[in-house]
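Sequence lines set the chain letters: A, B, ... in the order given, protein chains first and strands last, and positions in each chain run from 1. As a basis for the values below, the full set of heavy atoms in this structure was taken, side chains included, without hydrogen atoms, waters or symmetry mates.
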Amino acid sequence: MIQFFHVSKSYPGGQTALDEVTFDIPRGELVFLTGASGAGKTTLLRMIFREEVPTSGQILVNGRNVSAIPRSKIPYLRRTIGVVFQDFRLIARKTIFENVTYLPQVLGVDLQEQKKLAYQALRRVGLAHRLNAFPPELSGGEQQRVAIARALINDPDILIADEPTGNLDPDLSREILRLFLEVNLRGTTVILATHDRDTIQRVGGRVLTLDHGRLASDQELVGTDPPTLDPLAAEAATQVPEELLPAPEPPAEEIPE
Amino acid sequence: MIQFFHVSKSYPGGQTALDEVTFDIPRGELVFLTGASGAGKTTLLRMIFREEVPTSGQILVNGRNVSAIPRSKIPYLRRTIGVVFQDFRLIARKTIFENVTYLPQVLGVDLQEQKKLAYQALRRVGLAHRLNAFPPELSGGEQQRVAIARALINDPDILIADEPTGNLDPDLSREILRLFLEVNLRGTTVILATHDRDTIQRVGGRVLTLDHGRLASDQELVGTDPPTLDPLAAEAATQVPEELLPAPEPPAEEIPE
Amino acid sequence: MSLLKALRYFFREAAVNLLRGWKVSLLAVLTIAVSLFIGGAFLLVSDNLESSVERWRGEMRVVIYLKPETPEADLRRLAAEAARAPGVRSVEPVTAAAARKRFQQVFPSLSNLVAGWQEEPLPASLEIGLDPRTAGSAPGREAWLASWRTRPEVSLIDDDREWLGQLATAVAVVRAVGVALVAGLLGAAIFTIASVIRLTAYLHSEEIGIMRLVGATELYIRGPFYVEGLLQGLIGGLMASGALWAGYQLLHARGGGSLFSSVLALDFLGVQQVAFLILLGGAAGLFGAVASLRREAL
Amino acid sequence: MSLLKALRYFFREAAVNLLRGWKVSLLAVLTIAVSLFIGGAFLLVSDNLESSVERWRGEMRVVIYLKPETPEADLRRLAAEAARAPGVRSVEPVTAAAARKRFQQVFPSLSNLVAGWQEEPLPASLEIGLDPRTAGSAPGREAWLASWRTRPEVSLIDDDREWLGQLATAVAVVRAVGVALVAGLLGAAIFTIASVIRLTAYLHSEEIGIMRLVGATELYIRGPFYVEGLLQGLIGGLMASGALWAGYQLLHARGGGSLFSSVLALDFLGVQQVAFLILLGGAAGLFGAVASLRREAL
Ligand SMILES: Nc1ncnc2c1ncn2[C@@H]1O[C@H](COP(=O)(O)OP(=O)(O)OP(=O)(O)O)[C@@H](O)[C@H]1O
Ligand SMILES: Nc1ncnc2c1ncn2[C@@H]1O[C@H](COP(=O)(O)OP(=O)(O)OP(=O)(O)O)[C@@H](O)[C@H]1O
Ligand SMILES: [Mg+2]
Ligand SMILES: [Mg+2]
């Protein structure tokens with residue numbers, strides 16, 4: 001579904017964000033992307049929906065060379081990819097409803113259907129009551145959830161989520177993660193960039209780790225507490241990169257009530 | 001240092017963000033503020049530096065009624081408060097250096113001194129090499145760290161940090177937390193809004209918990225692994241609100257290398 | 001989406017954007033209106049100046065002054081003769097007495113001065129109206145006038161054409177300048193409108209970027225902005241037309257028979273010209289939107 | 001911070017902002033330049049028109065045509081007499097022969113026509129130049145003219161003042177219209193500039209909000225924007241002046257002795273007026289910045 005061949009990316013300023021990254025994500029997989037701040041996670045994700053083009057190397061999405069897609073065809077690529085941006089990117093002048101239904105509206109879905117879709121998507125993230133608010137009137141976590149709802153509304157082939165729970169409390173994070181797993185179960189390929197080692201360890205699955213732009217490891221991890229809807233057939237535990245090892249800590253102390 | 005008396009806040013849209021919140025933070029304390037997404041954390045913090053005014057109730061900062069400060073004096077209040085905004089709020093048209101030194105510059109600090117200050121602050125967050133980049137050229141975590149550097153540069157009396165590690169990897173988060181503790185040790189009152197229960201449990205200290213705008217609990221918590229520089233004298237462990245209890249989880253499994 | 005549905009979408013979005021961003025919209029619309037008002041005012045003035053010149057042209061005369069002693073019978077005979085010449089529209093014989101009366105009417109303060117004279121102070125004359133179409137340059141006109149000049153009854157010929165010739169150059173200048181001005185002003189108006197729309201587009205560049213990332217095609221991203229520019233321009237044009245009309249009415253009401261009305265404020269712009277102004281606003285707004293939304297511009 | 005330091009800070013910040021946001025700045029500066037160019041062009045034209053009128057006024061004459069049979073000696077005597085009257089600047093006696101020669105010079109194509117005449121076709125005349133200061137309305141002038149009219153030697157008096165009287169009303173109209181136009185155009189220019197600066201301020205409203213939150217005082221937040229507006233206005237004014245000068249040179253070069261130069265393009269604007277234009281741009285930019293940064297506006 002998504003293949004990177006020796007992809008490198010240098011920004012004009014001289015920053016090398018990605019360095020010879022190669023991997024292959026088959027259709028229907030759920031992959032965690034991790035790495036320190038500035039490792040290149042966002043840059044990698046952006047290339048999948050062609051917000052950036054690689055300096056060298058090739059990217060195939062659904063068998064098509066993304067860099068070679070003519071400009072006028074880019075929207076059609078992007079429509080098949082739902083993206084939760086790290087900085088949300090909601091349209092401030094549009095209401096939550098309008099933000100979430102923007103793509104269906106452009107695609108000509110009729111209003112009744114739009115309302116149904118928006119209601120469903122927003123209820124999944126617990127925001128159905130804020131349909132008519134504008135993004136600046138929402139809390140950080142609420143904006144993040146709107147971004148998630150927007151990414152899911154079109155039932156995309158690929159879901160890309162860049163740090164989708166950075167502004168959410170643990171309960172909500174778990175909720176959202178369950179949502180992503182559910183989406184994945186229905187056949188959507190999911191890529192989650194996250195710093196949240198606990199989540200990765202709990203859920204398990206394939207983990208790509210970036211380190212200063214290089215792909216430091218690409219491994220399967222058995223979850224310690226996979227969610228009830230087990231989307232990933234149990235797979236043999238494999239090596240885990242050092243980055244993922246928890247810092248030496250005493251076990252969490254039971255706090256008296 | 002910071003006192004809230006029966007503070008309530010309703011937004012024009014009809015949202016009640018805070019409901020009769022009362023607490024008192026003495027000078028030099030470090031306080032965690034927690035609660036679910038949309039509980040009112042950001043709203044509460046905003047009132048301390050008067051980005052918002054309460055609908056009812058009173059707020060004293062450093063003995064002064066914040067709502068009664070005349071408009072022209074607000075900047076002087078804000079200069080004593082360093083703020084890490086949840087959405088960073090960097091000035092896109094200014095370089096990192098200019099962003100970080102904006103206040104010193106306005107205060108007439110000379111360029112040489114500004115450079116020194118900026119270098120020190122940025123080195124503390126690991127970004128001294130990106131002085132001349134513009135914020136949109138930074139990764140999410142890098143922007144967050146710039147926001148932290150800016151909040152610290154003026155050696156504020158009060159440091160307010162709203163979800164300051166939401167975009168940082170665990171190692172960096174720990175680094176930043178250590179930085180905040182250090183700042184706190186030097187006498188700065190610190191308020192940290194965070195979803196990160198692990199950090200709170202590890203560090204311990206006073207924890208204010210909001211729930212739908214109400215102050216659900218205000219308790220001291222003994223850290224399970226307080227950082228090496230122990231800023232808070234050991235205090236008797238007290239009750240912990242249910243929100244802070246970790247979800248039932250098996251102990252983190254040791255992952256084979 | 002069908003074209004109709006797309007257009008409906010564009011218009012609805014544009015209307016919503018106009019209302020939500022009404023501060024910026026108002027600023028843009030007002031600037032457009034001011035530009036078009038100035039342009040329209042020039043159109044109005046130059047139009048009326050031109051028709052004034054046409055009118056003057058129609059009133060162009062040659063006055064043949066006769067010697068004081070010429071009898072009235074000769075006057076009539078000469079008038080009849082002059083009327084037969086080609087290119088002559090009308091001949092009005094003015095007797096010495098009539099000339100004096102006219103003088104007394106025009107300068108009432110001097111009338112008793114004239115009354116004191118023994119003989120008629122002013123000569124009789126023939127006022128010859130020329131056909132405006134050939135007034136300036138009928139062939140043989142000079143020779144014809146010269147032949148009049150040699151007649152014993154004629155003392156002097158006052159040829160309006162001499163100063164009308166000068167006037168004509170002046171008018172040509174005014175017209176050239178006027179056309180240049182109106183063109184320049186309308187050009188400036190279009191430029192201003194386009195700039196303003198472009199500035200408002202900068203305000204939305206982030207939003208447009210998001211729309212692109214989410215997978216909207218360029219047409220659907222830009223359509224609403226195009227329509228927004230169009231609407232702003234049209235509204236600006238309407239406001240300018242309204243203001244022009246109000247200004248025209250005001251001038252008319254205050255300076256009814258005065259200088260203004262005689263030289264300038266004859267007629268308001270025609271329906272076509274008002275429509276032109278409004279459409280010009282719309283076109284400029286649309287043009288501005290199109291120019292400002294080129295991909296490279298954002 | 002001392003005032004000087006603050007000003008240095010404002011200017012440095014403004015310069016940096018102008019350069020970093022050069023696209024928007026350029027748009028703003030160009031719009032300002034266009035507005036001021038139009039205003040300045042009108043200033044130029046109306047100035048020159050006015051000085052043309054002054055010149056015409058200076059050349060205002062009364063021509064006293066004498067009867068054909070008047071001998072040349074009488075002509076000189078009458079000239080000397082006319083020259084003694086108050087308000088008379090110059091008297092030029094034109095003999096019949098001189099008048100014919102002049103006619104032949106002015107209309108060379110008709111010269112042989114005139115040559116064929118037996119007697120002198122044109123009468124002798126006195127061309128009396130009037131003092132421009134009192135030309136229109138010296139007391140007793142009418143009576144003086146009337147006394148000339150009654151003299152036996154005089155056949156007709158051609159009083160420039162008659163058509164200059166008409167011209168004067170026309171000029172008054174033109175001047176009134178001109179003043180109204182220039183005022184209107186400059187007003188429109190100021191409005192446009194303020195709008196444009198205000199639009200650019202909207203672009204920075206987020207940035208200004210951040211500065212406020214970080215603890216900058218209003219003066220330090222707005223200072224750079226004020227200076228930015230001022231600089232944009234000044235640059236626009238400079239560009240407009242440059243363009244005006246270039247346009248003036250072009251007109252001069254192409255239409256050297258033609259209509260334009262005779263009626264309009266006499267002189268370029270004076271230093272003060274150019275300075276006025278540039279300062280007006282600066283003032284409008286500053287005004288726009290001040291107006292657009294009112295707290296409520298953002
Ligand atoms: N537009 C840009 N211009 C220049 N450098 C850039 C740009 N965008 C990103 N970078 C740099 O490229 C590197 C990788 O950035 P990227 O955003 O991919 O990191 P990331 O892994 O997403 O980090 P984070 O976890 O902090 O979001 C960083 O060093 C960043 O500063
Ligand atoms: N400007 C506003 N207008 C209307 N409602 C608002 C506004 N700002 C915040 N709210 C609402 O007030 C409530 C509290 O918001 P606040 O930002 O304080 O939450 P928070 O605790 O910071 O949440 P998060 O953890 O998601 O950032 C939310 O329900 C939010 O939607
Ligand atoms: Mg990132
Ligand atoms: Mg918040």
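- Residues A:H195 and B:N167 come closest through the heavy atom pair NE2-O, 3.1 Å.
- Within 6.0 Å of OH on A:Y11 lie more than 12 heavy atoms contributed by other residues, nucleotides or ligands.
- A:L168 touches chain B through backbone and side chain together, each having a heavy atom under 4.5 Å away.
- By number of non-hydrogen pairs under 4.5 angstrom with chain A, the leading residue of B:P170, B:G40, B:G38, B:S173 is B:P170.
- To the nearest 0.5 angstrom, B:L138 atom CG is 11.5 Å from A:T42 atom OG1.
- For the set B:G141, B:P12, B:A17, the count of heavy-atom pairs under 4.5 angstrom toward chain A peaks at B:G141.
- Looking only at heavy-atom pairs under 4.5 Å with chain A, the residue among B:Q143, B:E163, B:R130 that has the most is B:R130.
- Neither the backbone nor the side chain of A:D87 has a heavy atom closer than 4.5 Å to any heavy atom of chain B.
- For A:S37, the parts lying near chain B are the backbone and the side chain together; criterion is any non-hydrogen pair under 4.5 Å.
- Rounding to the nearest 0.5 angstrom, the gap separating the CG atom in A:D196 from the CG atom in B:D169 is 11.5 Å.
- For A:Q15, the part sitting under 4.5 Å from any heavy atom of chain B is the side chain, from C-beta outward, and nothing else.
- For A:H129, the NE2 atom sits in a packed shell: over 12 heavy atoms of surrounding residues, nucleotides or ligands are nearer than 6.0 Å.
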